[in-house]
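Inspection log for the structure reproduced underneath, given as structure tokens.
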Amino acid sequence: MASLLENHRRYDLRDDLEKALNRVDFFRIFHMMALRFGFNHFGILQLGNENDACMLSTRLVLHDLPSGLAEEYDKRHRFGDSLFYKTLHTSIISSVWRSGDPGCANGQNLLVQLGFELLLSVPAHAAATGARYAVLFLGDGNDIGRSEHFELTYDAVCAFDYFYRIALSNKAGMGLTPRETEILKWISHGKTASEIALIVSVSEHTVNSHTATILKKLDVVNRTQMVAKAIREQIIQ
């Protein structure tokens, strides 16, 4: 069921959401949503386990942040150390963050580290799997009003629901074969090619060939990125 039920209130997003077919369509929808409420950028973040060593760049599943910003952030900071990241795992309430908020010790203020003044976070989850996400809106404004906060939260949840069902859920498996998925699982457990070859009863050359194919299908350049993306896309746990 791509469409929401008729008794759901959809404000002015109905037509755009009904017509959205791919990630490009949703990029436009979230980008325009951010601008309409006075923000400069958006990001959709997939959460993992609270204690996972994670990077901001590998958790973003869709965003319009300036090119290279998330990667540069990861070189200097640990996303898991930010107070914002920790709060995402303790509350499902939509929240507003300001760069000058008290209580953020050195190394914990995500907004200062990214160079923005204001962040609105809208928790969301995939109904089918229970996977948790957050829709982020970032900008240089001073604040957002109560009614605008409520409206943007509702719009973001509606748009994410469509985005997940139409774009994200359809990527399940990323086209990997059962054998490729099995090899990927053992790679995530830290096994070498020779060890995997013994486990699955194939040659080491075959394991390396499968690994190269997995890298191509997931559109990544190394094993670390491969595992991070596979976990993010829920190909493996």
Side-chain angles (χ1 to χ4, degrees), residues 1-47 56-57 59-70 72-73 79 82 84-85 87-88 91-101 109-127 131-171:
M1 182 180 68
S3 302
L4 290 174
L5 299 176
E6 285 300 318
N7 59 324
H8 283 73
R9 298 177 64 195
R10 282 169 282 188
Y11 297 104
D12 54 355
L13 284 178
R14 174 173 181 167
D15 289 343
D16 285 340
L17 292 176
E18 295 284 347
K19 295 175 183 176
L21 299 174
N22 51 47
R23 294 173 69 89
V24 174
D25 292 335
F26 285 103
F27 181 97
R28 178 182 57 81
I29 289 171
F30 282 107
H31 176 73
M32 294 306 297
M33 190 186 306
L35 296 181
R36 183 158 58 91
F37 286 89
F39 292 90
N40 304 104
H41 302 283
F42 80 89
I44 300 177
L45 190 75
Q46 182 173 3
L47 306 187
L56 177 62
S57 60
R59 291 295 181 185
L60 288 167
V61 298
L62 189 72
H63 69 91
D64 68 349
L65 295 174
S67 178
L69 178 62
E72 286 300 316
Y73 168 88
F79 184 47
S82 68
F84 171 71
Y85 177 83
T87 302
L88 287 175
S91 174
I92 59 170
I93 300 173
S94 177
S95 56
V96 177
W97 297 72
R98 303 167 188 83
S99 60
D101 283 342
N109 196 320
L110 178 69
L111 278 172
V112 170
Q113 293 164 345
L114 287 176
F116 294 106
E117 296 293 330
L118 185 69
L119 183 156
L120 190 147
S121 172
V122 181
H125 74 279
R132 294 183 60 194
Y133 295 79
V135 184
L136 314 181
F137 298 96
L138 302 106
D140 297 323
N142 295 321
D143 208 344
I144 183 171
R146 180 186 179 94
S147 61
E148 289 83 5
H149 183 169
F150 290 166
E151 184 178 352
L152 179 52
T153 296
Y154 183 85
D155 283 355
V157 169
C158 287
F160 174 82
D161 183 77
Y162 271 80
F163 173 61
Y164 181 83
R165 288 184 288 114
I166 293 173
L168 285 184
S169 64
N170 289 339
K171 296 196 306 176

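Scanning both residues, Phe30 and Ala156, for their nearest heavy atoms gives CE2-O, 4.2 Å. What you find for Gly43 and Leu60 is that their closest heavy atoms are CA-CD2, 4.2 Å. Contact detail for Phe84 and Leu119: the closest heavy-atom pair is CE1-CD2, 3.7 Å. Contact record, Glu117 with Gly141: CB-O, 3.7 Å, taken as the closest heavy-atom pair. When all heavy atoms of Asn109 and Ser99 are compared, the closest pair comes out as ND2-O, 3.0 Å.
Separating the CG atom in Leu69 from the OG atom in Ser57 is a distance of 10.5 Å, to the nearest 0.5 Å. For the atom pair CD1 of Ile166 and CD of Glu18, the computed distance is 8.0 Å after rounding to the nearest 0.5 Å. To the nearest 0.5 angstrom, Leu114 atom CG is 6.5 Å from Tyr73 atom OH. With rounding to the nearest 0.5 angstrom, the CZ atom of Arg59 is 15.0 Å from the CD1 atom of Ile44. Atom CG of residue Leu17 and atom CZ of residue Phe163 lie 12.0 Å apart, to the nearest 0.5 angstrom. Interatomic distance, CD1 of Ile29 versus CE of Met33, reported as 7.0 Å (0.5 Å rounding).
In this structure, Asp101 contributes its side chain and Arg98 its backbone to a donor-acceptor pair below 3.5 Å. Proximity of a side-chain donor or acceptor of Arg132 to a complementary backbone N or O of Leu88 within less than 3.5 Å is detected. Judged purely by atom type and a 3.5 angstrom limit, Asp64 uses its side chain to pair as donor or acceptor with the backbone of Phe42. Side-chain atoms of Asn40 come within 3.5 Å of backbone atoms of Asp140 as a donor-acceptor pair (strictly under, hydrogens ignored). Side-chain atoms of Ser121 do not come within 3.5 Å of backbone N or O of Ser94 as any donor-acceptor pair.
Scanning for side chain to side chain contact (heavy atoms under 4.5 Å, CB included) contacts around His125 gives an empty result, with sequence neighbours left out.
Counting heavy atoms from C-beta on, the side chains of Trp97 and Thr87 come closer than 4.5 Å. Within the 4.5 Å cutoff, the side chain of Leu118 has heavy atoms near those of the Phe39 side chain. Looking at Phe116 and Leu136, their side chains never come closer than 4.5 Å, going by heavy atoms from C-beta outward. Looking only at side-chain heavy atoms (C-beta outward), Tyr162 and Asp25 stay at 4.5 Å or farther from each other. The closest side-chain heavy-atom distance from Leu45 to Phe79 is below 4.5 Å. Considering only heavy atoms from C-beta on, Leu120 stays 4.5 Å or farther from Phe37 through its side chain. Side chains of Tyr133 and Val135 form no contact here, defined as non-hydrogen atoms less than 4.5 Å apart. Residues Leu65 and Leu138 form a side-chain contact, since some pair of their non-hydrogen atoms from C-beta on lies under 4.5 Å apart.
For CG of Asn22, the number of neighbouring non-hydrogen atoms (other residues, nucleotides, ligands) closer than 6.0 Å is greater than 12.
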Q | Evaluation steps, side chain to side chain contact (heavy atoms under 4.5 Å, CB included), between Asp16 and Met32 | A | CA-CA 11 Å; Asp16 285 340; Met32 294 306 297; over 6 Å; no
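Aromatic pair Phe160/Phe26: centroids not less than 6.0 angstrom apart.
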